[in-house]
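Here's the structure, in structure tokens; my notes come after.
Whatever order the structure lists ligands and atoms in, that order sets their numbers, starting from 1. Each residue takes its place number in the sequence, starting with 1.
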Amino acid sequence: MIGITVLGATGSIGQSTLDVVARHRDRYRVVALTANDNVEGLYRQCLEHRPQFAVLAAPQAAELLATRLRAAGSEVTVLSGVDGLQQVAACAETDYVMAAIVGSAGLVPTLAAVRAGKRILLANKEALVMSGALFMEEVRNHGAELLPIDSEHNAIFQCLPPGYRDGLAQVGVRRILLTASGGPFRTTAPHELRRVTPAEACAHPNWSMGRKISVDSATMMNKGLEVIEACHLFATTPQAIQVVIHPQSIIHSMVEYQDGSVLAQLGSADMRIPIAHALAWPERFDSGAQRLDIFQIGQLSFEAPDLLRFPCLRLAFEAATRGGTAPAILNAANEVAVQAFLAGLIPFTDIARIVEQVLDHCTIHDASSLTVVLADDDLARRQAQQMLPTGSGAASA
Ligand code: NAD
Ligand code: MG
């Protein structure tokens with residue numbers, strides 16, 4: 001039996017992971033489930049999946065969960081805080097760790113799993129954006145196995161030959177075609193973007209996801225973060241990545257080879273497909289996702305991205321090219337701005353404005369250590385918070 005820990009179990013990816021795991025109970029044992037402060041959600045998951053450990057990042061919420069589980073006769077051990085998250089990510093009982101905490105909060109627990117040499121199913125792209133080179137070095141040093149869950153990166157992984165980690169040119173790859181749906185505002189007139197609401201931004205046309213990544217998809221910062229993620233996962237540069245708008249979200253990305261061949265991975269827009277792929281790899285098994293009906297789809301279309309409409313994508317490309325702590329600064333400013341937008345404190349178009357101003361203000365350093373990266377992350381957050389309307393302390397992380 002393979003032991004699995006799900007970091008961010010109550011979220012969109014966490015729930016999809018448990019759905020796939022429940023289809024294969026003969027293979028997997030749930031070792032630990034974690035969440036931020038969702039007592040009710042984690043309580044229900046604990047009763048259903050009977051993990052050995054449950055962790056809530058918030059200590060008071062963890063106490064409440066422990067009391068409720070004891071009252072229900074459950075023997076789950078409840079832990080709390082970042083220490084608890086690290087403990088269950090690295091513990092001996094765990095073989096696979098689904099890294100599905102949203103945002104920078106995922107970095108430290110995911111790194112704990114890497115350092116313990118686990119198989120990491122990486123959904124938490126922000127961890128790689130913040131500290132990609134250091135993260136990949138830790139993966140190599142500790143013999144961890146890193147499998148991408150982000151649908152595009154999982155698609156690219158499926159289209160690449162073995163040995164790609166030594167450089168894409170060496171395995172005959174010319175470039176990566178990273179697909180994007182274009183989000184809910186692909187055709188919205190630019191002057192209308194200022195007035196869009198959080199509910200409109202979170203209404204993604206093809207995918208059902210957490211609120212932060214939904215807003216990132218609407219600004220296309222998500223695609224920008226994915227460009228940076230791809231550079232680290234596939235040992236390549238932003239110049240070798242072409243973003244392609246593909247509104248149907250059927251092709252999840254493509255790899256173009258030197259001989260002119262282009263390989264693509266297709267499937268319905270259901271995260272259980274990449275999750276099942278990474279769980280079973282190198283085997284295959286049922287994910288529960290609907291099969292693709294290509295006759296019903298009929299047509300696929302493609303267009304180039306509009307960097308004027310989506311300045312966040314341009315900013316991410318610039319940060320990726322600049323390197324050092326620039327991606328960590330971009331990510332931190334974006335997290336603060338997205339949270340402020342979701343809280344109704346700033347208009348949608350201020351997200352890009354704040355990220356750009358923070359990047360202009362902050363000194364970019366070599367990402368020589370995690371301490372340097374986390375210091376620049378912290379500084380960028382504080383800079384971004386200062387740009388919010390006064391009295392909006394509620395938007396702090
Ligand atoms: P979500 O908001 O639905 O869930 C986030 C999970 O993280 C929850 O369980 C929450 O309790 C936990 N969490 C939040 N803050 C935390 C903190 N400070 N400490 C500990 N736990 C915390 O998010 P999601 O949509 O499932 O996305 C998770 C990650 O996967 C993100 O990095 C996202 O970019 C990535 N991803 C998601 C999708 C998708 O379809 N949802 C696709 C690709 C990549
Ligand atoms: Mg994606």
Side-chain angles (χ1 to χ4, degrees), residues 5-19 32-42 44-45 54-59 61-62 65 79-86 88-89 98-110 112 120-130 148-157 178-183 202 204 206-217 220-230 233 243 246 249 251-253 265 267-275 278 289 331 334-335 338-339 342 396-397:
T5 283
V6 184
L7 302 173
T10 55
S12 164
I13 293 286
Q15 291 179 44
S16 294
T17 304
L18 289 172
D19 180 279
L33 297 176
T34 86
N36 188 23
D37 56 5
N38 183 349
V39 176
E40 180 60 29
L42 203 59
R44 276 194 266 114
Q45 288 184 335
V55 188
L56 283 172
L65 176 70
L79 305 171
S80 69
V82 180
D83 285 350
L85 295 172
Q86 286 181 273
V88 297
M98 166 54 79
I101 293 174
V102 61
S104 58
L107 176 61
V108 169
T110 306
I120 321 291
L121 283 60
L122 187 72
N124 177 220
K125 67 191 84 186
E126 294 92 343
L128 217 46
V129 168
M130 289 172 72
I149 293 299
D150 216 343
S151 57
E152 297 77 4
H153 306 73
N154 184 270
I156 294 161
F157 177 74
L178 187 71
T179 56
S181 69
C202 288
H204 195 281
N206 305 336
W207 298 93
S208 156
M209 310 183 285
R211 281 162 69 79
K212 193 263 177 180
I213 185 176
S214 295
V215 175
D216 284 349
S217 298
M220 285 199 76
M221 180 60 92
N222 183 50
K223 211 47 55 180
L225 300 179
E226 289 184 0
V227 168
I228 302 169
E229 182 185 12
L233 283 173
V243 172
H246 164 48
S249 299
I251 294 181
H252 297 302
S253 277
Q265 185 261 359
S268 48
D270 186 330
M271 288 306 293
R272 289 176 301 177
I273 296 177
I275 290 167
N331 177 68
N334 182 59
E335 281 190 25
V338 169
Q339 208 175 357
L342 284 171
S396 59

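- Looking only at N/O/S atoms, Asp150 comes nearest to the Mg ion (ligand 2) through OD1.
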Pairs of nitrogen or oxygen atoms, one from ligand 1 and one from the protein, closer than 3.5 Å: please tabulate them with distances.
from	atom 1	to	atom 2	distance (Å)
ligand 1	3 (O)	Ser12	N	2.9
ligand 1	9 (O)	Gly8	O	3.3
ligand 1	9 (O)	Thr10	N	3.4
ligand 1	9 (O)	Thr10	OG1	2.8
ligand 1	9 (O)	Gly11	N	3.2
ligand 1	11 (O)	Thr10	OG1	3.4
ligand 1	11 (O)	Asn36	N	2.9
ligand 1	25 (O)	Gly210	N	2.9
ligand 1	26 (O)	Ser12	N	3.1
ligand 1	26 (O)	Ile13	N	2.9
ligand 1	30 (O)	Ala123	O	3.4
ligand 1	32 (O)	Glu126	OE1	2.6
ligand 1	41 (N)	Ser12	OG	3.3

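- Residues Val243 and Glu226 fail the side-chain proximity criterion, which asks for heavy atoms closer than 4.5 Å.
- Checking side-chain atoms of Thr179 against main-chain N and O of His252 turns up a donor-acceptor pair under 3.5 Å.
- Atoms CG and CG, on Leu42 and Leu56 in that order, are 5.0 Å from each other to the nearest 0.5 Å.
- Considering just the N/O/S atoms of Glu226, the one nearest the Mg ion (ligand 2) carries the name OE2.
- Separating the OG1 atom in Thr17 from the CD1 atom in Ile149 is a distance of 7.0 Å, to the nearest 0.5 Å.
- Among the candidates Leu18, Ile275, Leu7, the single residue satisfying the side-chain contact (heavy atoms from CB on, under 4.5 Å) test with Ile13 is Ile275.
- Considering only residues two or more places apart in sequence or on other chains, Asp19 meets the salt bridge (Lys or Arg N to Asp or Glu O under 4.0 Å) condition with Arg23, Arg272.
- Within Glu152, the N, O or S atom lying nearest to the Mg ion (ligand 2) carries the name OE1.
- Atom OG1 of Thr34 sits about 9.5 Å away from atom CD of Gln45, to the nearest 0.5 Å.
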